[in-house]
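Excluded from the calculations below are hydrogen atoms, water molecules and symmetry mates; all remaining heavy atoms, backbone and side chain alike, are included. First the proteins, then the strands, lettered A, B, ... as listed; each starts at 1.
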2 protein chains.
Amino acid sequence: MTPPLERDSYHHGDLRHALVEAAVKLIAERGAEGFSLREAGRLVGVSPTAAYRHFADKSALLGAVASDGFSRLAAAMEKGMARAPGAAGGPERAVARMAALGEAYVDFALRHPSHFRIMFGPWLRETECVPGVGPSGKDPFQLLVETLDEAAAAGVIPAEARAGAEVVAWSTVHGFAALVVDGTLPLSARERAAALRRVLTGVLLALGADASRLPPVEAVKFATRCS
Amino acid sequence: MTPPLERDSYHHGDLRHALVEAAVKLIAERGAEGFSLREAGRLVGVSPTAAYRHFADKSALLGAVASDGFSRLAAAMEKGMARAPGAAGGPERAVARMAALGEAYVDFALRHPSHFRIMFGPWLRETECVPGVGPSGKDPFQLLVETLDEAAAAGVIPAEARAGAEVVAWSTVHGFAALVVDGTLPLSARERAAALRRVLTGVLLALGADASRLPPVEAVKFATRCS
DNA sequence: CCGCAATGTGTACGCCGTGCACATTGCCAA
DNA sequence: TTGGCAATGTGCACGGCGTACACATTGCGG
């Protein structure tokens, strides 16, 4: 964390990154609504209007926060997929990687609900947010496309079901995450893992895949909501 | 519309409803972010703080707006389902009614994006919003449950797939609506109907239903975004 | 070493949500 | 009928917010 207060030099050094960090922290603590540009400035020990040297307005800062969120999401997806069991190129692994993608997505949404909402909410104006990539340089949507391509290559998804599979898969997992995060779907911690498994099974069926290959969902990951 | 300005008596008469109406209108025009309690008061010709006689705070008014939205959504769903073709109790009609439900949901989200966002967004505190029902006295979720029950009774959904079908169906359709409304899924007007058809097909497959019975999606309904 | 562009400060304006005292009035009890 | 009370609307005040603008400070390239 960049030094929150107390500064010797007149210039901060890396105010832009510090502001994004502070915004992420504040949003995690108090939600997207309670967040204010002035408070972010206060947190990094800078005047209330200093942020305007780095961001056109509040919305632009939120765009940077969203971009950061996509990076973290992509990283979580890659990490989850790396642990998928099965032989490389085989159907078991392809299914496991698809499931890992979905699990990482929902897990991220549950752990960082406010961040998740900013990434997809109405705060960003059109094309204000550059997606943000993970360690491998790919954004979450690219990871999805590649994983589906692999599944098609492994024979898990029949060719006639490949078209538009991104939209179906993403919609389903995103919808589940959004409904759970917003509290619209009132699931207890225990029910969440079971519901997610049904949702992932549904995605596989929708894509014409053999859902019996779906590995179990680790319930513990979906037990807590963090920020 | 309740008289927007000019009032003879000191008391308004039905300020509560007038404020909700005004809020719906303002939110449709300027989005959920730009909405302010004071402006709603201005619009109905009342002092800036008069709203506090009817709502504990801004969030409570938004809760009423959300409740109103669920009523409208339920009404749109019922209207769409009423037009579904096929013999009562038969599988064609059951599938058509499921599809009509999903189409009405997405159509509502596209026509009233700001209203849609308030219904599911983070503005409402827990249990602040009573769902709001349609003409038949049922809220959107109840309509979904009943429609799935009918489909199961008609043999469209196998018994072993009935459990949790609400979550799968709702997640998928909601996710698609959310991604399109927020602009995350950048679909041209022409692509939207085709994508929705694939999504609805996916839901039927996920529920173990015969997707070949799915009637075509009326493209014209998904061509424009209104408020 | 100087000056300029980049970066941070201070002040100001209008809007917002909201608490509080006060004004007005419909309505019920006596 | 009338008197008063509870419901409803007004006015004012406070602090916080986003943001525009003039000014201060300073790193860096010529």
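Distance B:Arg16 CZ to D:dT8 P: 11 Å, rounded to the nearest Å. One can place NZ of B:Lys58 at 8 Å from P of C:dT18, the figure rounded to the nearest angstrom. Atom OH in A:Tyr52 sits about 19 Å away from atom C1' in C:dA6, given to the nearest Å. Between B:Asp14 atom CG and D:dA7 atom P there is a gap of 17 Å when expressed in whole angstrom units. Here the C1' atom of nucleotide C:dC16 and the CG atom of B:Leu62 are 14 Å apart, to the nearest Å. Rounded to an integer number of Å, the gap from A:Leu37 CG to D:dC17 C1' is 9 Å. If you measure from atom CH2 of B:Trp123 to atom P of C:dG17, you get 14 Å, rounded to the nearest angstrom. One atom, CG of B:Leu61, and another, P of C:dC16, lie 14 Å apart when rounded to the nearest Å.
Listed pair B:Arg42 / C:dC16 meets the phosphate criterion, a side-chain N or O lying under 4.0 Å from OP1 or OP2. Put simply, B:His54 has no side-chain N or O that comes within less than 4.0 Å of OP1 or OP2 on D:dA7. The side chain of A:Ser47 contributes no N or O atom lying less than 4.0 Å from OP1 or OP2 of C:dG10.
The residue among A:Thr49 and B:Leu15 whose nearest nucleotide of DNA chain D is located toward the 5' end is B:Leu15.
Counting distance only, with no hydrogens placed and no angle test, the side-chain atoms of B:Arg38 and the base atoms of C:dT18 include a donor-acceptor pair under 3.5 Å. Side-chain N/O atoms of B:Ser36 and base N/O atoms of C:dG17 include no donor-acceptor pair closer than 3.5 Å.
Of all heavy-atom pairs between A:Glu78 and A:Pro135, the closest is OE1-CD, 3.3 Å. In plain terms, the two heavy atoms of A:Leu110 and A:Val180 that are nearest each other are CD2-CG1, 3.6 Å.
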Open item on the list: Test side-chain contact (heavy atoms from CB on, under 4.5 Å) on A:Trp123 and A:Leu61; report intermediate values, then the result.
Closed with: CA-CA 10 Å; A:Trp123 290 273; A:Leu61 173 51; over 6 Å; no
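Proximity of a side-chain donor or acceptor of A:Asp182 to a complementary backbone N or O of A:Thr184 within less than 3.5 Å is not detected.
Neither side chain, B:Glu150 nor B:Thr147, offers a donor N or O lying under 3.5 Å from an acceptor on the other.
The listed nucleotides are C:dT18, D:dG9, D:dT19; the one nearest the side chain of B:Arg53 is D:dG9. Nearest nucleotide to the side chain of A:Ala50, out of C:dT18, D:dG9, C:dT9: C:dT9.
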